[in-house]
Number of protein chains: 2
Amino acid sequence: MATMTAAQRREQARADYDAFLRACPTNQLLGRLSDKWVGLVVAALAPGPRRYSDLGRKIAGVSPKMLTQTLRSLERDGIISRTVTPSVPVRVDYELTPLGASLACLLTAVKDWAETHFDEVRAARERYDTDNPA
Amino acid sequence: MATMTAAQRREQARADYDAFLRACPTNQLLGRLSDKWVGLVVAALAPGPRRYSDLGRKIAGVSPKMLTQTLRSLERDGIISRTVTPSVPVRVDYELTPLGASLACLLTAVKDWAETHFDEVRAARERYDTDNPA
DNA sequence: CGGCATCCACAGAGATACTG
DNA sequence: CAGTATCTCTGTGGATGCCG
């Protein structure tokens, strides 16, 4: 039908684009990295393996649910490995896979950029906020 | 008081940690990068300046609101610059600043990692989904 | 053309309570 | 210890409509 509102056309475009975005590896990775806890978990595991509750303590403020959820998704993506030791009580260790280690390098690169340029960003923000008072 | 539930203690910890996270440049940057549209806008602007509605068409599926919001936050952070030409009708151009260009490099690094390792991630996912049927 | 204010709907974070 | 199941509530994105 010819009578399509702008909103309808955009909705259609968005549906297509969404599919495209979901298929895009870069976007998927960005989504993962930005998950609130992923960066922290990877950082916490970088020095070596850790147990579940150990992570919970190290990361302070994460709920059991989110910790599990984060660990699961990372495990699914092959970033970390999960090892169950069926003792009593149970013991579960998590550690970075080689793939996870290479991801940690990326994260470090991001961290370096952030630390190098953060002063500029801060300066830009102050300038902006001064020029555009609320 | 000594009688603090686990939840209360975690809430306290989270409050502290949240403050810490917000102060952390790395996390701020990650938050920015992962904003659904930031990567696309930066990518669209990488080849050269573009007009507002030009971006809207190029990015296909973005709502005016989100486009403006994204552009504003990037402008505030000194990633892009906004140039108004007061003709009739008005004309507004956006372009990457030098800082924005360096960010684009980072984004490229992420993209490269994603393209290099995405097969591994896909394989890991399939393995995981096979071993853990819903 | 470019942009903002308003309203709404939904995904997802988190609290709480329970289990192998 | 290491989770899981359920519920709720907020934040965020989108639609709509109006201004310079």
Side-chain angles (χ1 to χ4, degrees), chain A residues 4-15 17-18 21-22 31-32 34-38 40-41 49-76 80-94 132 134, chain B residues 4-15 17-18 21-22 31-32 34-38 40-41 49-76 80-94 132 134:
Chain A
M4 235 182 165
T5 67
Q8 283 172 324
R9 265 182 277 109
R10 201 170 47 236
E11 190 182 356
Q12 178 58 42
R14 191 163 55 78
Y17 219 60
D18 272 2
L21 285 182
R22 261 192 293 281
R32 262 298 128 65
S34 68
D35 264 9
K36 194 177 174 186
W37 304 107
V38 166
L40 297 165
V41 168
R50 272 178 185 279
R51 300 181 56 174
Y52 179 88
S53 55
D54 200 8
L55 283 170
R57 245 167 289 119
K58 169 94 177 179
I59 299 186
V62 67
S63 64
K65 178 188 172 183
M66 291 319 294
L67 184 55
T68 299
Q69 203 175 95
T70 304
L71 291 168
R72 278 294 178 291
S73 67
L74 289 175
E75 188 198 355
R76 191 173 107 97
I80 63 177
S81 65
R82 178 171 178 273
T83 312
V84 181
T85 309
S87 54
V88 178
V90 194
R91 175 199 175 96
V92 182
D93 286 271
Y94 293 90
N132 307 42
Chain B
M4 234 179 163
T5 68
Q8 284 173 323
R9 265 182 277 109
R10 200 171 47 237
E11 191 183 356
Q12 178 59 44
R14 191 165 54 78
Y17 220 61
D18 272 3
L21 284 183
R22 261 192 295 280
R32 260 303 127 64
S34 66
D35 265 8
K36 196 176 172 187
W37 304 108
V38 166
L40 297 165
V41 168
R50 272 179 185 280
R51 300 182 55 175
Y52 179 87
S53 54
D54 199 9
L55 284 170
R57 245 168 289 119
K58 168 94 178 180
I59 299 187
V62 68
S63 65
K65 178 186 172 183
M66 290 320 293
L67 184 55
T68 300
Q69 202 175 96
T70 304
L71 291 167
R72 277 295 177 290
S73 66
L74 289 175
E75 188 198 355
R76 191 172 105 98
I80 63 177
S81 65
R82 179 171 177 273
T83 311
V84 182
T85 309
S87 54
V88 179
V90 193
R91 175 200 175 96
V92 182
D93 286 272
Y94 292 90
N132 307 44

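Residue numbers begin at 1 in each chain, while the letters A, B, ... track the order of the sequences.
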message: Taking the minimum atom-to-atom distance to the side chain of B/Tyr94, which one of C/dG2, C/dG3, C/dA15 wins?
response: C/dG3

So which protein N/O to nucleotides 4-11 of chain D N/O distances come out below 3.5 Å?
| residue | atom | partner | partner atom | Å |
| --- | --- | --- | --- | --- |
| D/dT4 | OP1 | A/Arg72 | NH2 | 3.3 |

query: Given axes from five pairs at either end, by how many degrees does the helix from C/dC1-D/dG20 to C/dG20-D/dC1 bend, rounded to 10°?
result: 50°

task: Look at B/Ser53 and C/dC1 and indicate whether a side-chain polar atom (N or O) is within less than 4.0 Å of OP1 or OP2.
output: no

field: Contact under 4.0 Å: B/Trp37 side-chain N or O vs D/dT12 OP1/OP2
entry: no

- prompt: Could you give the CG-to-P distance, from A/Asp35 to C/dA13, as a whole number of Å?
  reply: 7 Å

Between CG on residue B/Leu55 and CZ on residue B/Arg57, distance to nearest 0.5 Å: 9.5 Å

- line: side-chain hydrogen bond (donor to acceptor under 3.5 Å, both in side chains) test vs B/Asp54 passes for just one of B/Lys58, B/Arg50, B/Arg51, namely B/Arg50

query: Which residue pairs satisfy the side-chain hydrogen bond (donor to acceptor under 3.5 Å, both in side chains) criterion with at least one member in residues 81-92 of chain A, sequence neighbours excluded?
result: A/Arg82-A/Tyr94, A/Arg91-A/Asp93

- prompt: Hey, does the side chain of B/Arg51 come within less than 4.0 Å of C/dG2's phosphate (OP1/OP2), counting only N and O?
  reply: yes

- line: Between CE of B/Met66 and C1' of C/dG2 the distance, given in whole Å, is 17 Å

query: So, is A/Arg82 near the phosphate of D/dG3, with a side-chain N or O under 4.0 Å from OP1 or OP2?
result: yes

query: Between atom CD of A/Glu75 and atom OG1 of A/Thr70, what is the distance when rounded to the nearest 0.5 Å?
result: 12.5 Å

field: Gap between atoms CG and C1', on B/Asn132 and D/dG3 respectively (whole Å)
entry: 14 Å

- request: Would you indicate which nucleotide in D/dG13, C/dA13, D/dA2 comes nearest to any side-chain atom of B/Gln69?
  value: D/dG13

query: Roughly how far, to the nearest 0.5 Å, is the NZ atom of B/Lys36 from the OG atom of A/Ser34?
result: 12.5 Å

message: Reading DNA chain D from 5' onward, which residue's closest nucleotide shows up sooner: B/Val62 or A/Arg57?
response: A/Arg57

- line: Minimal heavy-atom distance between B/Tyr52 and B/Leu67, with the atoms involved, is O-CD2, 3.7 Å

message: What is the distance, to the nearest angstrom, from the CG atom on B/Leu71 to the P atom on C/dG2?
response: 11 Å

- prompt: Roughly, in whole Å, what's the span from CD1 in A/Ile59 to C1' in C/dG14?
  reply: 16 Å

- request: Would you check, one step at a time, whether the test side chain to side chain contact (heavy atoms under 4.5 Å, CB included) holds for B/Ile80 with B/Leu71?
  value: CA-CA 8 Å; B/Ile80 63 177; B/Leu71 291 167; 3.6 Å; yes

query: Over how many whole Å does the gap from B/Leu55 atom CG to C/dG2 atom P extend?
result: 9 Å

query: What integer distance in Å separates B/Arg91:CZ from C/dG2:P?
result: 8 Å

task: Measure the shortest side-chain to side-chain distance between A/Leu40 and A/Trp37 over non-hydrogen atoms and say whether it is less than 4.5 angstrom.
output: yes

- request: Provide, to the nearest angstrom, the distance between the CG atom belonging to B/Asp54 and the P atom belonging to C/dC1.
  value: 12 Å

